[in-house]
Amino acid sequence: MDEIEVVVVRVFTDERGTNGNELGIVTSAPATAGREQEIAAALGFSETVFIDSLDTTAGLAAIRIFTPAAELPFAGHPSVGTAWWLAHERTPVGALVEKAGDVAVSVDLDRDSAAIDARAAWTPDFTWHALGTPAEVEALDAFAFTEGQHYAYAWIDEAEGRLRARMFAPAMGIVEDEATGAAAVALTAKLGRPLHILQGEGSEITTQPLDGGLVRVGGTVVYDRTIDATL
């Protein structure tokens with residue numbers, strides 16, 4: 001049997017460092033090669049990242065991202081969390097090489113924050129549910145969604161761009177996602193304005209449209225724990 005180390009960070013926490021979406025981070029090794037999907041399913045996080053290569057001279061890290069059910073060409077909270085973790089470990093990079101494209105990153109360790117610049121075209125196809133009130137969003141039954149990727153949202157304060165949101169993705173093996181950076185990117189492009197999103201149990205995501213069709217999405221990241229997993 002082989003043993004691998006899995007670092008767990010929480011991405012898009014609130015300002016106190018609570019809540020946030022757990023992310024498993026694995027440094028690729030011979031023991032993980034060809035078993036990434038199996039490992040991601042066993043770990044059970046909404047996403048697990050495998051760092052395939054790291055070149056601090058070029059400022060690049062190549063990563064692969066897996067949900068319990070599928071590999072993704074791009075995902076927001078794994079990209080933000082990995083960028084923060086690499087900087088935290090004193091191996092910062094300027095971009096993550098993902099299947100969708102090179103994802104520019106920025107990290108502020110003093111604030112425990114990280115952000116990425118992404119394109120809505122990289123994100124999955126979401127079914128949007130624009131509801132009337134935050135209470136309607138909170139009343140949704142996650143198990144009522146049996147296929148596809150669904151994002152429900154309602155304005156907390158439309159003038160300030162503050163939203164309440166939840167995301168359900170049975171197609172990805174995710175009953176409910178605590179915080180979804182890709183959906184935040186797509187919704188920001190759809191609405192054409194900066195957003196501050198309160199998702200899940202209390203995770204917080206901020207976005208900003210940029211020139212050239214890019215969207216910056218970011219938030220707070222904290223280290224949670226390290227798991228020694230046996231394969």
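Only heavy atoms go into these numbers, but all of them, side chains included; no hydrogens, no water, no symmetry mates.
- The shortest distance between side-chain heavy atoms of Asp14 and Thr220 does not fall below 4.5 Å.
- A donor-acceptor pair is defined here as one N or O able to donate and one able to accept, closer than 3.5 Å; no such pair exists between the side chain of Glu158 and the backbone of Leu163.
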Inset, instruction - Would you please test Arg164 and Glu138 for side-chain contact (heavy atoms from CB on, under 4.5 Å) and show each step? - result: CA-CA 8 Å; Arg164 178 72 173 101; Glu138 291 162 6; 3.0 Å; yes

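- A side-chain donor-acceptor contact under 3.5 Å links Gln149 to the backbone of Asp125.
- A chain of hydrophobic side-chain contacts below 4.5 Å, direct or via other Ile, Leu, Val, Met, Phe, Trp or Tyr residues, connects Met167 to Trp128.
- Counting all heavy atoms, side chain and backbone alike, Ile197 lies closest to Ala165 at CG2-CB, 3.8 Å.
- Atom CG of Leu72 and atom OG1 of Thr67 lie 5.5 Å apart (nearest 0.5 Å).
- Expressed to the nearest 0.5 Å, how far CG of Leu195 lies from OH of Tyr153 amounts to 9.5 Å.
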Inset, instruction - Before giving the answer on side-chain contact (heavy atoms from CB on, under 4.5 Å), spell out for Thr226 and Val7 the whole-Å C-alpha distance, their side-chain angles and the decisive distance to 0.1 Å. - result: CA-CA 5 Å; Thr226 298; Val7 173; 4.2 Å; yes

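- Placement of Met172 and Val175 in two distinct hydrophobic clusters is found when ILVMFWY residues are connected by side-chain heavy-atom separations under 4.5 Å, directly or transitively.
- Distance alone, capped at 3.5 Å, places no donor-acceptor pair between the Arg166 side chain and the Glu201 backbone.
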Inset, instruction - Under the side chain to side chain donor-acceptor pair (under 3.5 Å) rule, what do Thr180 and Gln199 come out as? Steps first, then yes or no, please. - result: CA-CA 8 Å; Thr180 316; Gln199 186 176 334; 2.9 Å; yes

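- The environment of Arg225 atom CZ is dense: over 12 non-hydrogen atoms of other residues, nucleotides or ligands sit within 6.0 angstrom.
- Arg216 contributes atom CZ, which lies 11.5 Å from atom OG1 of Thr207 (distance to the nearest 0.5 angstrom).
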Inset, instruction - In sequence, state the C-alpha distance, the side-chain angles, and the governing distance for Glu47 and His77, and then conclude on side chain to side chain donor-acceptor pair (under 3.5 Å). - result: CA-CA 8 Å; Glu47 278 108 355; His77 108 268; 2.9 Å; yes

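- The shortest side-chain heavy-atom distance between Val217 and Thr188 does not fall under the 4.5 Å cut-off.
- Inter-residue side-chain proximity for Leu140 and Leu131 is flagged as met; some heavy-atom pair is nearer than 4.5 Å.
- Across every non-hydrogen atom of Ala154 and Gly132, the tightest pair is CB-C, 4.2 Å.
- In terms of modelled atom types and a separation under 3.5 Å, the side chain of Thr32 and the main chain of Ser28 share no donor-acceptor contact.
- A search for ring-ring contact (aromatic ring centres under 6.0 Å, His included) contacts involving Phe145 returns His129, His150, Phe168, not counting sequence neighbours.
- Within the 4.5 Å cutoff, the side chain of Thr146 has no heavy atoms near those of the Pro170 side chain.
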Inset, instruction - Mind running side-chain contact (heavy atoms from CB on, under 4.5 Å) on Ile65 and Phe74 for me, showing each step along the way? - result: CA-CA 7 Å; Ile65 303 167; Phe74 163 79; 5.7 Å; no

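- Side-chain atoms of Glu36 come within 3.5 Å of backbone atoms of Gly34 as a donor-acceptor pair (strictly under, hydrogens ignored).
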Inset, instruction - Let me see the working for Glu5 and Ile227 under side-chain contact (heavy atoms from CB on, under 4.5 Å), right down to the final yes or no. - result: CA-CA 6 Å; Glu5 182 179 272; Ile227 301 168; over 6 Å; no

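- Between Ala61 and Leu54, the closest heavy-atom pair is CB-CD1, 3.9 Å.
- Under a hydrophobic clustering in which Ile, Leu, Val, Met, Phe, Trp and Tyr are joined whenever their side-chain heavy atoms come within less than 4.5 Å, directly or via other members, Ile63 and Leu23 fall into the same cluster.
- Between Gln37 and Pro68, the closest heavy-atom pair is NE2-O, 3.2 Å.
- Put simply, the side chain of Glu38 never gets that close to the backbone of Arg35: no donor and acceptor are under 3.5 Å apart.
- Taking the six-membered ring for Trp and the full ring otherwise, Tyr223 and Trp85 have centroids separated by under 6.0 Å.
- Although no hydrogens or angles enter the test, the distance criterion places a donor-acceptor pair under 3.5 Å between the side chain of Arg119 and the main chain of Gly212.
- The heavy-atom pair separating Asn19 from Thr13 by the smallest distance is O-CG2, 3.6 Å.
- Side-chain heavy atoms closer than 4.5 Å link hydrophobic residues (I, L, V, M, F, W, Y) into clusters, and following such links, even through other members, never connects Val8 to Val80.
- Note: Leu43 CG to Phe66 CZ = 12.0 Å, rounded to the nearest 0.5 Å.
- Minimum heavy-atom separation, Asn21 to Ala179: ND2-O, 2.9 Å.
- Proximity of Trp84 to Val222: side-chain heavy atoms (C-beta onward) are nowhere separated by under 4.5 Å.
- Side-chain contact check for Ile39 versus Val6: every heavy-atom pair is 4.5 Å or farther apart.
- Residue Glu15 holds its CD atom at 6.5 Å from CD of Glu204, rounded to the nearest 0.5 Å.
- With rounding to the nearest 0.5 Å, the separation of CZ in Phe126 from CG in Leu187 is 10.0 Å.
- Criterion: ILVMFWY side-chain heavy atoms under 4.5 Å apart, direct or through other members. Under it, Leu198 and Tyr151 are not part of a common hydrophobic cluster.
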